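This report refers to the structure that appears directly beneath it.
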Amino acid sequence: MIEVSKAEATNREVLEEVTILFSGDSGDGIQLIGDRFAYSSSVKGNDISCFPDFPAEIRAPAGTTAGVSGFKLCFSSEPILTPGDHLDAMVAMNPAALKQNISELSDNGILIINSDSFKEKDCVKAGYQENPLKTGELDRFRLVEIPLTQLTLDALSSLNLPRKKALLCKNMLSLGVVCWLYERPIEELENWLDAKFGKQHLLSEANKKALHSGYNYADTIELFDAGFRVPKANLPKGRYRHITGNEALALGAVVASIKCKRELFFASYPITPSSDVLHSLARYKNFGVKTFQSEDEISAMGAVVGASFAGNLALTSTSGPGLDLKQEMLGLAVMAELPAVVFNIQRAGPSTGMPTKTEQTDLLAALYGRHGECEVPVLAPSTPADCFTMAIEAFRIAVTYMTPVIVLSDGYLANSAEPWQIPTDEDIDGFSVANLPAQSDGALFQRCPNTLARSWVLPGQKGLEHRLGGLERDYDKGAISYDPDNHFKMVLTRKEKIKRISQDISPISADEYSGADVLVVAWGSTHGALHTAVQQLKSEGYAIDHLHLRNLNPLPEGLGDCLRRYRKVLVAELNLGQLNSVLKNHWSIETEVLQKVSGMPFKIDEVYQHCKQLLTDNSQ
Amino acid sequence: MIEVSKAEATNREVLEEVTILFSGDSGDGIQLIGDRFAYSSSVKGNDISCFPDFPAEIRAPAGTTAGVSGFKLCFSSEPILTPGDHLDAMVAMNPAALKQNISELSDNGILIINSDSFKEKDCVKAGYQENPLKTGELDRFRLVEIPLTQLTLDALSSLNLPRKKALLCKNMLSLGVVCWLYERPIEELENWLDAKFGKQHLLSEANKKALHSGYNYADTIELFDAGFRVPKANLPKGRYRHITGNEALALGAVVASIKCKRELFFASYPITPSSDVLHSLARYKNFGVKTFQSEDEISAMGAVVGASFAGNLALTSTSGPGLDLKQEMLGLAVMAELPAVVFNIQRAGPSTGMPTKTEQTDLLAALYGRHGECEVPVLAPSTPADCFTMAIEAFRIAVTYMTPVIVLSDGYLANSAEPWQIPTDEDIDGFSVANLPAQSDGALFQRCPNTLARSWVLPGQKGLEHRLGGLERDYDKGAISYDPDNHFKMVLTRKEKIKRISQDISPISADEYSGADVLVVAWGSTHGALHTAVQQLKSEGYAIDHLHLRNLNPLPEGLGDCLRRYRKVLVAELNLGQLNSVLKNHWSIETEVLQKVSGMPFKIDEVYQHCKQLLTDNSQ
Amino acid sequence: MSIVEKIDVVTKLSKADFASDQEVRWCPGCGDYAILAGIQKVLPELNTPKENFVFVSGIGCSSRLPYYLSTYGFHTLHGRAPTVATGIKLANPELSVWVITGDGDALSIGANHLLHLLRRNINVNILLINNRIYGLTKGQYSPTSEQGKVTKSSPLGSISGPVDPVSFALNAGATFVARAIDKDAKGLQKILKQAAEHQGASFVEIYQNCHVFNDGAFEAATARDTKDDATVQLVDGEPLVFGSKDKKAIVLDGLEAKVVSVNTESLPDNALVHTTGSDNEAYDALLSSFQHKGLPLPVGVFRQLRKPTYEQGMIEQQQSSIASQGQGNIEALLTGGSYWFHE
Amino acid sequence: MSIVEKIDVVTKLSKADFASDQEVRWCPGCGDYAILAGIQKVLPELNTPKENFVFVSGIGCSSRLPYYLSTYGFHTLHGRAPTVATGIKLANPELSVWVITGDGDALSIGANHLLHLLRRNINVNILLINNRIYGLTKGQYSPTSEQGKVTKSSPLGSISGPVDPVSFALNAGATFVARAIDKDAKGLQKILKQAAEHQGASFVEIYQNCHVFNDGAFEAATARDTKDDATVQLVDGEPLVFGSKDKKAIVLDGLEAKVVSVNTESLPDNALVHTTGSDNEAYDALLSSFQHKGLPLPVGVFRQLRKPTYEQGMIEQQQSSIASQGQGNIEALLTGGSYWFHE
Ligand SMILES: Cc1ncc(C[n+]2csc(CCOP(=O)(O)OP(=O)(O)O)c2C)c(N)n1
Ligand SMILES: Cc1ncc(C[n+]2csc(CCOP(=O)(O)OP(=O)(O)O)c2C)c(N)n1
Ligand code: SF4
Ligand code: SF4
Ligand SMILES: [Mg+2]
Ligand SMILES: [Mg+2]
């Protein structure tokens with residue numbers, strides 16, 4: 001736990017919120033300083049929201065736009081849900097970073113650049129015909145040119161570091177400047193560097209020096225007209241940490257396992273942007289977690305099905321291409337009625353697509369991607385922290401209904417961090433595994449009358465030996481059956497079992513969604529932008545509501561009635577209308593769609609404008 | 001070519017049509033005699049329709065219901081589309097065959113049994129408590145008990161065959177009996193046996209003897225009150241052959257290749273019920289066909305994508321589980337915009353399901369089973385012969401639009417034979433590959449303005465070297481692109497390209513579907529049963545139409561208007577409503593569904609009753 | 001339940017106790033019957049409670065076997081049994097896990113999973129039932145079919161040569177590798193027992209006659225009058241001697257193996273003496289190449305090595321992690337990184 | 001176009017002609033640069049028109065390579081390059097088809113396809129770029145990582161031992177197998193050329209330094225002061241001799257290889273003489289086991305055998321089928337079985 005330092009400053013303009021972008025080459029350590037500045041902001045008491053955006057290449061050629069890595073952060077004195085559309089400030093370590101992102105900087109925004117990297121050849125590499133510092137195109141910003149390279153070298157000259165090593169501290173120098181600008185005490189950062197490298201370590205020393213130099217440089221030469229202050233937000237009191245969607249999924253899985261007292265078995269094959277789930281869980285061996293890096297996605301899913309048969313809480317994680325590969329084995333889990341959870345972190349498709357970019361295009365594949373009538377429950381968390389809740393919920397549904405469950409996260413949720421009020425053990429609802437037969441009771445293939453789940457009989461239990469498989473089996477006895485009527489009965493039973501889940505999840509409240517002009521329906525990571533835009537419109541007096549679905553299959557009860565209470569239903573998704581088609585399949589309603597498939601999240605403003613248009617059309 | 005023998009018979013009752021079932025153990029040679037009797041009936045001039053139904057095991061334990069193999073055949077003097085619901089006659093080689101099928105035999109139907117196989121233990125094996133010959137439960141049929149075993153042994157005694165070998169001729173003896181019953185000359189069968197085994201071969205001798213004995217036995221001891229005659233049907237004049245759906249797909253693929261002058265490359269991994277496509281094509285090497293039995297379905301699809309890149313007409317075939325495995329690679333074909341065709345022969349799912357049974361449950365997986373926005377055209381032939389037409393159409397679409405295409409057949413189409421008027425080369429519409437650039441014209445990634453297809457540039461062409469891949473690429477230049485707007489443009493372009501196909505296929509004719517009380521909408525192998533039931537109702541004066549879709553994506557133009565012209569739309573499918581959900585996604589219409597998921601085709605009567613109910617409700 | 005009680009229960013079991021209530025549905029004359037019988041015979045002797053056996057299979061005629069055993073069983077997907085078995089074993093290392101697979105299942109669609117299971121040395125027993133054909137899909141050539149094989153899918157003969165299952169397993173690093181034959185009941189049972197008792201991944205290739213689609217594939221190695229000359233029994237510590245009347249020995253000449261007649265009692269100096277524990281890849285390769293070099297077919301255990309299993313490694317890491325960081329709980333988990341108070 | 005013209009065109013090409021217009025995007029210091037350069041150097045020497053080259057890859061850092069070549073190329077799916085390459089080669093056997101793959105791509109998800117391509121002896125050239133790590137997904141252990149490897153996904157060390165690519169290929173029946181090293185430009189080029197000229201499946205493992213996630217993995221085999229003692233060059237017909245100052249030879253002792261010092265000019269009788277055409281599995285196994293037996297790492301061509309390729313077999317079957325049945329046409333096709341007239 002870190003104590004919030006009480007550094008004071010004077011003469012600062014007070015802002016409600018600031019959105020800043022750190023950008024540079026992927027080798028520049030942008031994610032690191034972004035992440036840490038976000039943390040500092042949180043510790044200072046702001047609410048924050050951030051969006052890391054990195055290139056597909058490990059380290060694309062330095063200085064090209066392909067290699068630009070960005071970290072966007074909004075810190076605020078009000079509760080916020082997205083990093084915002086426009087930038088108040090931007091750090092560009094080179095011309096490529098400038099080129100890639102300048103369109104987002106608001107007029108009169110602060111633009112900090114490393115003037116040492118705006119040589120002719122740098123500009124050409126980035127695709128500029130002329131040096132943008134000279135064309136006047138940056139005149140509408142508050143341009144702050146800093147010779148970051150030289151300053152860094154000067155600052156570290158006493159340490160006798162090789163030039164290359166020294167230059168790696170540029171990012172810290174720029175962070176120092178930004179710390180001054182937004183009144184961040186640098187002690188906390190120093191502690192973190194000490195913890196990271198070891199107090200005596202040369203790198204700790206070097207980074208601290210660079211940080212200080214930046215801070216002092218800004219202070220001394222009065223780089224800015226004024227510094228800013230974003231006051232503390234009015235958040236509920238308590239313990240907080242940052243959490244990304246991927247971390248939250250991992251934590252949720254471990255908590256589910258502790259709560260229901262079954263070991264967690266996790267098998268996965270690395271794939272962007274899901275690999276961090278594997279990295280996180282691999283570190284939780286002392287929580288009884290078993291992680292298995294398999295030879296491919298099919299194997300991961302197969303191991304999960306096996307582990308589930310043997311009684312572990314079984315989990316895999318993947319991304320689009322891996323989901324395709326898991327489908328056949330998911331079908332086996334459906335047929336064998338075994339609990340399992342798949343975290344699918346969606347990325348821009350189809351095929352290899354744009355692996356580091358976000359999208360919501362796997363919904364239909366999750367719902368229908370298997371041959372035969374083969375339904376599975378599908379859940380979608382709406383914020384990074386919600387990933388924690390939905391991970392636990394996925395396991396609850398899986399073991400209660402004896403079915404595999406797919407959780408759809410995406411690249412945006414996966415990598416974005418938000419402050420999360422840490423729950424205590426007691427805060428978290430547990431669940432138990434009700435259908436473990438204690439002994440040979442002959443009820444091997446009997447179904448629970450409420451859930452229709454079969455019992456979870458584990459190898460090692462005497463007297464309950466049985467054979468599972470992918471062939472259709474007899475409703476009563478579980479043996480292979482080719483009987484036509486039995487097959488139809490089993491198909492309907494499996495369908496009904498999934499349908500019953502809808503009675504076991506929160507219904508759509510008729511009070512809350514009592515009807516208006518427009519209802520915006522959506523799911524997943526778009527929550528923040530949509531909610532913010534709708535709140536804005538509401539505050540302007542428009543009759544608009546926002547309904548964000550977290551259960552995509554089965555859909556919650558009351559949804560159909562709710563949809564009919566609105567004059568227009570707008571389904572907004574980062575795909576070509578996948579949830580829309582699901583809704584239309586259930587209810588013959590006319591809908592409007594807002595589509596975006598560009599690998600980027602919605603901007604608040606594009607949602608706002610679109611809705612406003614609809615509302616205006618409506619009132620005619 | 002076989003000449004139709006002109007054997008005459010007297011004293012025969014004339015029937016419009018007969019449905020007969022041959023049934024026995026899977027080792028009894030049932031499929032063989034059924035198939036051959038169907039052929040004889042065709043040669044005699046009847047229209048025929050048949051349904052072979054065999055067990056999942058290669059040879060399940062003799063005498064059990066699990067091992068029963070059946071061949072149902074309808075031969076008629078009128079054009080027919082299905083083998084019919086009820087049996088006029090049935091041959092049961094043992095109690096298991098009787099038990100399995102007796103419920104389908106009409107009252108007063110002819111029931112021929114092998115009395116030698118109705119010993120106590122035979123009945124027990126089949127699951128009878130008592131010998132059904134003794135309980136009176138067969139009294140309502142015209143029971144004809146024949147000691148087939150003994151008769152066969154007697155007939156062949158002079159040949160000194162081992163008993164086991166001799167007994168294998170039982171099926172021929174029963175066929176002889178049936179030949180007498182329905183006035184089939186046995187010369188043609190004799191010729192066939194000679195051709196099969198060689199004229200002098202002992203087996204030819206033995207089978208012919210058994211055949212004769214059966215025929216003579218029926219004749220001599222006046223086994224039946226009377227024989228029957230089903231007159232010639234009034235079919236168009238011409239050359240005919242039998243064709244199963246799988247054969248038709250194979251032939252269609254070869255014809256497509258000859259017509260468009262590109263070699264056919266076929267890669268497949270065996271799986272029931274698609275393997276016969278592999279077996280057929282493997283025999284067409286002298287047509288330039290290359291067949292490649294790959295190590296798995298992923299490899300087959302990969303090889304297809306490679307062969308397509310290199311300029312062959314590329315094809316794979318599979319069934320449900322294999323479709324799951326091909327999805328990722330299909331996505332690559334979509335992204336690389338390469339032509340390819342997948343024949344998916346649907347079987348009862350999910351998972352391994354009931355491999356030898358039919359179902360229409362892969363439609364949604366074909367449409368949506370890939371991550372990302374990843375559309376492909378989907379076609380569905382409606383009869384075995386239509387498989388020929390749709391195979392060619394699939395290739396036409398694939399090369400014209402540079403896209404993979406899925407053709408959905410099923411187990412019923414795959415194995416059922418129907419008489420097919422053999423087209424000549426000129427009868428068949430060809431198509432050409434328009435988008436092969438002749439030389440370096442710089443138009444590598446330019447799209448045809450009509451089809452939006454890119455050009456098919458083949459390795460080996462000088463000056464047009466380029467790199468394909470699964471990453472998103474630039475609309476203009478084809479290089480990798482992570483640009484958000486470009487991605488959206490490409491997603492929409494790929495979608496639009498598929499949509500354009502709808503202008504290139506037959507629209508729904510507003511004249512033909514001008515509106516009525518009920519429209520039955522369906523697809524695939526259900527055509528025969530639905531059409532027959534609807535015709536029946538029409539002839540009874542009901543206002544009902546039947547619309548059978550062969551293009552499932554994109555849907556034909558005019559469909560939406562058509563649907564709206566009917567008071568009720570009934571979507572009838574062998575699944576839980578997959579086409580229904582597609583239709584509802586396009587048009588917010590209310591529909592009724594007729595579902596059946598039992599591994600069996602629709603019966604005419606169940607469709608008839610269901611529609612009648614709807615029509616009656618309607619008129620209230 | 002104490003261990004004594006368990007053993008008590010186990011020793012009372014007989015072959016019949018391992019037959020399930022399902023009717024066996026292979027073709028008459030299928031070699032799978034003998035293999036099933038062999039397994040049922042051996043299981044009661046393994047001193048393991050019946051409920052601790054799990055038989056996992058893929059898809060194929062052979063993969064139906066688990067249905068006919070009264071143990072726990074899982075008939076999974078074509079080629080994927082090794083993955084499911086891996087999950088079962090890692091989830092509960094107490095179980096005795098077996099994989100039943102065919103030549104197509106294991107070496108066509110599933111070879112990658114098999115490779116990695118063997119490489120990881122997960123303690124499961126793999127029985128690869130090799131009939132050199134696809135049985136269930138009615139007779140296409142398989143990766144173990146001889147080159148030139150004429151089948152429905154290769155009417156002019158298959159083009160590529162076969163994979164040898166034993167070489168594959170040896171090369172993948174399996175710690176127990178053996179070959180057995182359906183018709184040799186005694187030999188089969190002995191090997192099954194050794195495989196079961198081995199700690200680590202055991203791989204047994206079992207030659208099986210597919211009566212319907214590939215009858216007589218193993219005629220030479222099974223027929224009374226040829227088998228003694230066509231095969232050589234591998235016995236740990238014993239020389240490679242074989243032959244029905246005239247005894248013959250296999251000797252080493254450089255890196256080649258050769259057959260010499262041995263009429264006297266003494267063997268030549270360069271006679272090869274079999275050892276299952278050599279850990280010498282060259283010897284393994286030599287032995288497993290006999291078959292396509294015209295030398296007699298080795299039957300028995302090729303290799304048996306003692307190496308740590310994957311699941312042991314996994315458990316050790318868990319334990320060391322608990323030792324260093326303490327048994328985890330929710331509070332520790334959620335506050336694991338840095339956090340702050342908002343007041 | 002006549003052959004003469006073609007050759008004319010080809011000989012005019014240079015390394016630069018094989019660079020595409022795409023900017024190379026590997027990390028600074030990545031070994032892939034040297035491999036790309038090696039390929040670009042060799043291609044003009046192969047007497048093949050540029051438009052006949054097709055480079056097929058899977059997914060990984062290494063699999064980006066085809067983008068940087070100005071030939072035809074296809075960046076396919078993770079693990080599946082061998083399948084696509086198979087389709088290309090069978091569709092048009094005239095093309096010179098290359099597979100670029102990584103250790104994860106080829107031996108984790110894709111080992112089954114690789115196995116079957118090699119077994120079928122399809123005439124493609126496979127370059128397995130082995131950095132013993134997953135580069136593109138940012139540093140998890142791969143199937144070639146050494147046991148105990150600490151990575152993000154194995155914080156306490158990986159549990160299972162590695163697959164050796166060369167042994168894998170030898171065992172799969174590849175007809176050309178070699179090992180090269182990114183840093184040894186000359187050796188690499190020589191091997192690439194031999195691989196390209198070989199008729200049949202060629203497999204080349206190339207050690208590649210991943211500067212970011214596994215730096216120095218091949219230090220011993222590449223560092224100036226150690227490499228001569230750590231490696232032995234395989235030269236057909238030459239003895240296995242190595243060593244920087246003191247020359248050493250590898251000798252055969254039974255079925256074991258041993259190192260002896262050779263100070264005089266004459267070699268001991270039992271010194272191993274390398275032959276790429278031995279077709280002796282025991283020798284292949286011996287050679288490929290040097291690495292984990294503390295013997296020097298063999299670099300160069302392990303095996304080169306002349307065997308019919310799959311596509312030759314395929315074409316022969318087509319031809320014999322046309323010879324016996326005549327070139328097919330639509331009429332013959334559709335009336336192929338029995339038919340009748342309805343009048
Ligand atoms: C994904 C998938 N592909 C193909 C099949 C069809 N199939 C079932 S068994 C089999 C091969 C069986 O051969 P083998 O493993 O040798 O077993 P055998 O029947 O000979 O015992 C195939 C191709 C399937 N069930 N699933
Ligand atoms: C189906 C699928 N699974 C996983 C991935 C993610 N992935 C991309 S490359 C890679 C491993 C790359 O390792 P290697 O083949 O050794 O190549 P390197 O990057 O080291 O050159 C993985 C797991 C993917 N793209 N597709
Ligand atoms: S097909 Fe062959 S392997 Fe399958 S059950 Fe019959 S005899 Fe046995
Ligand atoms: S991550 Fe490694 S292999 Fe990939 S480009 Fe960088 S240095 Fe090369
Ligand atoms: Mg087999
Ligand atoms: Mg690698």
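The chains referred to below are lettered A, B, ... by the order of the sequence lines, with proteins before strands, and numbering in each begins at 1. Because the structure is predicted, anything quoted here is derived from the model rather than measured.
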Best-contacting candidate, [options], against chain D by heavy atom pairs under 4.5 angstrom:
options	value
B:V255, B:V254, B:T291, B:I422	B:I422
B:V305, B:V457, B:I243, B:I480	B:I480
B:A310, B:G288, B:G460	B:G460
B:K259, B:H466, B:H242	B:H466

Using non-hydrogen atoms and a 4.5 Å limit, figure out which bit of [X] sits close to chain B: side chain, backbone, both or neither.
X	result
D:L115	neither
D:L77	both
D:R64	side chain
D:Q317	both
D:Q325	both
D:Y310	side chain
D:T76	both

So how far is it from [X] [atom1] to [Y] [atom2], rounded to the nearest 0.5 Å?
X	Y	atom1	atom2	answer
D:T86	B:F265	OG1	CZ	8.0 Å
B:S42	D:Y339	OG	OH	15.5 Å
D:I330	B:S257	CD1	OG	9.0 Å
B:L338	D:F74	CG	CZ	5.0 Å

Side chain, backbone, both or neither: which part of [X] has a non-hydrogen atom closer than 4.5 Å to chain D?
X	answer
B:S308	neither
B:V304	neither
B:L251	both
B:A336	side chain
B:M329	both
B:W420	side chain

Partners passing side-chain contact (heavy atoms from CB on, under 4.5 Å) against B:K477 (at least two apart in sequence or in another chain): B:D474
Do [X] and [Y] have side-chain heavy atoms sitting under 4.5 Å apart?
X	Y	answer
B:R467	D:F55	no
D:S70	B:E465	no
D:Y72	B:L468	no

Heavy-atom contacts under 4.5 Å, residues 234-241 of chain B to chain D: B:L235, B:P236, B:K237, B:G238, B:R239, B:Y240, B:R241
Start with the C-alpha distance between D:R80 and B:L332, add both sets of side-chain angles, then the distance that settles side chain to side chain contact (heavy atoms under 4.5 Å, CB included), and finish with yes or no. CA-CA 11 Å; D:R80 315 303 175 192; B:L332 178 63; over 6 Å; no
State, to 0.1 Å, how close D:H75 and B:L471 come at their nearest heavy-atom pair, and which atoms those are. CE1-CD1, 3.6 Å
Please report the closest heavy-atom contact between B:P459 and D:V54, naming both atoms and the distance. CB-CG2, 3.6 Å
Tell me, with the steps shown, if D:V84 and B:F309 meet side chain to side chain contact (heavy atoms under 4.5 Å, CB included). CA-CA 9 Å; D:V84 176; B:F309 180 45; 5.8 Å; no
With a 4.0 Å cut-off, would you call B:E295 and D:R120 a salt bridge? yes
Among [options], which has the most heavy-atom pairs under 4.5 Å with chain B?
options	value
D:N112, D:T71, D:L95	D:T71
D:N92, D:V97, D:L90, D:L69	D:L90
D:G87, D:G326, D:P66, D:P82	D:G87
D:D21, D:N329, D:I88	D:I88

Stepwise side chain to side chain contact (heavy atoms under 4.5 Å, CB included) check, B:I428 with D:L334: CA-CA 12 Å; B:I428 307 165; D:L334 301 186; 4.0 Å; yes
Could you please spell out the steps behind the side chain to side chain contact (heavy atoms under 4.5 Å, CB included) verdict for D:H116 and B:D296? CA-CA 10 Å; D:H116 288 283; B:D296 64 14; over 6 Å; no
Between [X] and [Y], is there a donor-acceptor pair closer than 3.5 Å when you use the side chain of the first and the backbone of the second?
X	Y	answer
B:N286	D:S321	no
B:K285	D:S320	no
D:H113	B:I298	no

